[in-house]
J.: 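I'd like to ask you about the structure that follows.
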Amino acid sequence: MKQALIDKIEPKFDSLTGVYERFAIERFVRLLLAEHHPFSLLLIDGDNFKNVNDGYGHKVGDYVIKILAERIKSVFEDIGFVGRFGGDEFIVVMPDIVDYDDVWAVCHDLHAKFIGFSVPDYPSVFITITVGLARSPIDGSDYDELFAKADKALYRGKQKGRNCFIIYLTEKHSGIKILSGDSPTENSMQHHKTIFKLLAKSDRLNETIPYILQFFTTTLMIDHVAIQGKSKILFSEVYSLSKVKEFSYVDNSLISGNISPDTGIFYINEVEQLSKKTQSALLDLIAKQQIFSTAYAEISYAGNFYGYLRADTTVTFRIWQRRDINLLLTAANAIAMQLHFQGKTLEDFIESSPQKQ
């Protein structure tokens, strides 16, 4: 019966681990919500997995991820569906299991699977996990709301020192604010400060914008960051490790209708979410550039539109974090203000800035 539920979405599988792809699980969650079917959503994070990649290399890292997936899957074989969220992160759906005592028992069994567990062939590599769980309809009837609450529970588990599980409870966890990175102060305030410091180096944007784009590609590891003027790409930076090296202009008219009038931003985690009926032209242009996720921040001030600050990821999807979006908006707004008070446009700075068109 439960298998028939997920089969409705014709799911795809992750090539490395054999579990469901992340977006298959997401679509499954949306189906359950639409059908008012109760379920629990779990986010599972391998603890300190970066140390495995750094110490043993990515080949061993991939092997460890496969072992991690197998052990997680063994717990949910008859009660839930496991998907790979990305890297060493997994997302699990348990239909019909929402009672607190029942989900606690499942989480306890899952956590116990990793107590003192070392990886076969690599006895010095120990794996532990942190788990965050939210329930529907108890904690929400919207995917984003439910995911956010599971993420808060996961974040609380990390704050407690990892190697634990947290079941979201409104009275305990509603006030949690997720701060990104190992140093929240640096990653929020310092990064915004860096943008202003870079812009303050010169009043000539052709000299400062390339530094800002480089900051985004290296700090946030975004494959491509660019500034589009009114008819072409004016400034462009491609991350050195990006597998895609060539990007082209996306007509601003295809973007403008998607920009939020309140925030001046448009972003999408999975470009396939774009409607093939109403946004086929935009979808085609993005697909040709092998873009999986994209974000556009409007560069405008006092009613004057100058262009867009654009960020693209390729090969894999990106879940845009609030940190990412806020930094893009800060840069776009700061650039727009500088243009306004100088009485210039982005195109005015291009003649002395040889950038790829």
Side-chain angles (χ1 to χ4, degrees), residues 86-87 180-181 187-188 190-196 198-199 205 208-230 232-260 262-274 279 282-300 305-336 338-339 346 353 355-357:
S180 59
N187 279 344
S188 56
Q190 191 62 35
H191 286 173
H192 285 83
K193 184 178 180 180
T194 296
I195 290 172
F196 288 105
L198 291 172
L199 278 173
L205 286 172
T208 57
I209 284 177
Y211 288 111
I212 290 176
L213 301 189
Q214 187 177 44
F215 163 76
F216 276 113
T217 57
T218 56
T219 303
L220 301 184
M221 292 183 288
I222 299 173
D223 290 327
H224 177 236
V225 184
I227 287 183
Q228 294 195 167
K230 295 182 179 179
K232 60 185 177 181
I233 289 180
L234 303 176
F235 300 89
S236 179
E237 181 72 24
V238 179
Y239 186 40
S240 59
L241 297 180
S242 174
K243 293 185 178 180
V244 178
K245 301 298 183 182
E246 299 294 331
F247 296 88
S248 60
Y249 172 73
V250 175
D251 196 305
N252 287 339
S253 65
L254 299 176
I255 302 300
S256 59
N258 294 296
I259 293 289
S260 167
D262 296 324
T263 62
I265 194 81
F266 159 60
Y267 66 93
I268 190 162
N269 298 325
E270 180 189 9
V271 297
E272 290 183 0
Q273 293 172 346
L274 291 170
Q279 305 209 57
L282 176 58
L283 187 58
D284 288 345
L285 280 173
I286 291 175
K288 286 178 181 177
Q289 299 179 58
Q290 302 180 59
I291 294 169
F292 279 61
S293 304
T294 192
Y296 285 76
E298 185 177 85
I299 303 173
S300 63
F305 171 77
Y306 301 102
Y308 292 112
L309 174 58
R310 161 185 167 184
D312 306 303
T313 66
T314 66
V315 181
T316 58
F317 298 97
R318 184 186 186 100
I319 300 296
W320 294 105
Q321 303 297 312
R322 184 176 299 175
R323 172 198 65 175
D324 307 339
I325 298 305
N326 285 344
L327 286 173
L328 288 170
L329 283 171
T330 292
N333 290 332
I335 291 169
Q338 193 162 343
L339 288 168
L346 288 165
S353 179
Q355 293 290 330
K356 189 181 300 179
Q357 304 300 312

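Keep in mind that the numbers below use all heavy atoms, side chains included, and drop hydrogens, waters and symmetry copies. Bear in mind the structure is a predicted one, so any value in this text is a computation, not a measurement.
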J.: Let me confirm one number: the CD1-CZ distance from I212 to F196, rounded to the nearest 0.5 Å.
T.: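 I212 CD1 to F196 CZ: 9.5 Å, rounded to 0.5 Å.
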
J.: Enter the distance from I265:CD1 to Y308:OH here, rounded to the nearest 0.5 Å.
T.: 10.5 Å

J.: Give, for atom CG of L282 and atom CZ of F266, the distance between the pair rounded to the nearest 0.5 Å.
T.: 6.0 Å

J.: State, to 0.1 Å, how close A295 and Y267 come at their nearest heavy-atom pair, and which atoms those are.
T.: CB-CB, 3.7 Å

J.: Which atom pair, heavy atoms only, marks the closest approach of A331 to I195?
T.: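 Heavy atoms only, the tightest pair is CA-CG2, 3.9 Å.
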
J.: Report the C-alpha distance between F216 and L328 in whole Å, list the side-chain angles of each, state the deciding distance to 0.1 Å, and finish with yes or no for side-chain contact (heavy atoms from CB on, under 4.5 Å).
T.: CA-CA 9 Å; F216 276 113; L328 288 170; 3.9 Å; yes

J.: Where do Q289 and V244 come nearest, in terms of heavy atoms and distance?
T.: O-CG1, 3.8 Å

J.: Using every non-hydrogen atom in the two residues, find where A334 and L199 come nearest and quote the distance to one decimal.
T.: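 Closest approach of A334 to L199: CB-CD1, 3.3 Å.
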
J.: Is there a side-chain contact between F247 and I291 (heavy atoms, below 4.5 Å)?
T.: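 Answer yes - side chains close enough.
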
J.: Quick check against the 3.5 Å criterion: does K232 have a side-chain atom that pairs as donor or acceptor with the backbone of G229?
T.: no

J.: With distance as the sole test, does Q228 use its side chain to make a donor-acceptor pair with the main-chain N or O of N252 at under 3.5 Å?
T.: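 A pair under 3.5 Å: no.
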
J.: Dump the intermediate steps for side-chain contact (heavy atoms from CB on, under 4.5 Å) on I222 and D324, then the final yes or no.
T.: CA-CA 10 Å; I222 299 173; D324 307 339; 5.6 Å; no

J.: Can D251 and S253 be said to form a side chain to side chain donor-acceptor pair (under 3.5 Å), step by step?
T.: CA-CA 5 Å; D251 196 305; S253 65; 2.7 Å; yes

J.: Kindly compute the distance separating CZ (R310) from OG1 (T294), expressed to the nearest 0.5 Å.
T.: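 Going from CZ on R310 over to OG1 on T294, the span is 6.0 Å.
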
J.: Return the minimal non-hydrogen interatomic distance between E298 and A332, and the atom names on each side.
T.: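 E298 and A332 have their closest heavy atoms at O-CB, 3.7 Å.
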
J.: In this structure, which one of D312, V271, I268, L254 forms a side-chain contact (heavy atoms from CB on, under 4.5 Å) with I286?
T.: V271

J.: Sub-3.5 Å donor-acceptor pair from the side chain of S293 to the main-chain atoms of N269, do we have one?
T.: yes

J.: Hey, what do you get for OH (Y306) to CD1 (I227), rounding to the nearest 0.5 Å?
T.: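 Between Y306 OH and I227 CD1, I get 13.0 Å after rounding to 0.5 Å.
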
J.: Between atom NE2 of H224 and atom CG of L213, what is the distance when rounded to the nearest 0.5 Å?
T.: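 Taking NE2 in H224 and CG in L213, the distance rounds to 8.5 Å.
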
J.: Which heavy atom of A226 sits nearest a heavy atom of I233, and at what distance?
T.: CB-CG2, 4.2 Å

J.: Using side-chain heavy atoms (C-beta onward) and a distance below 4.5 Å, is D223 in contact with F292?
T.: no

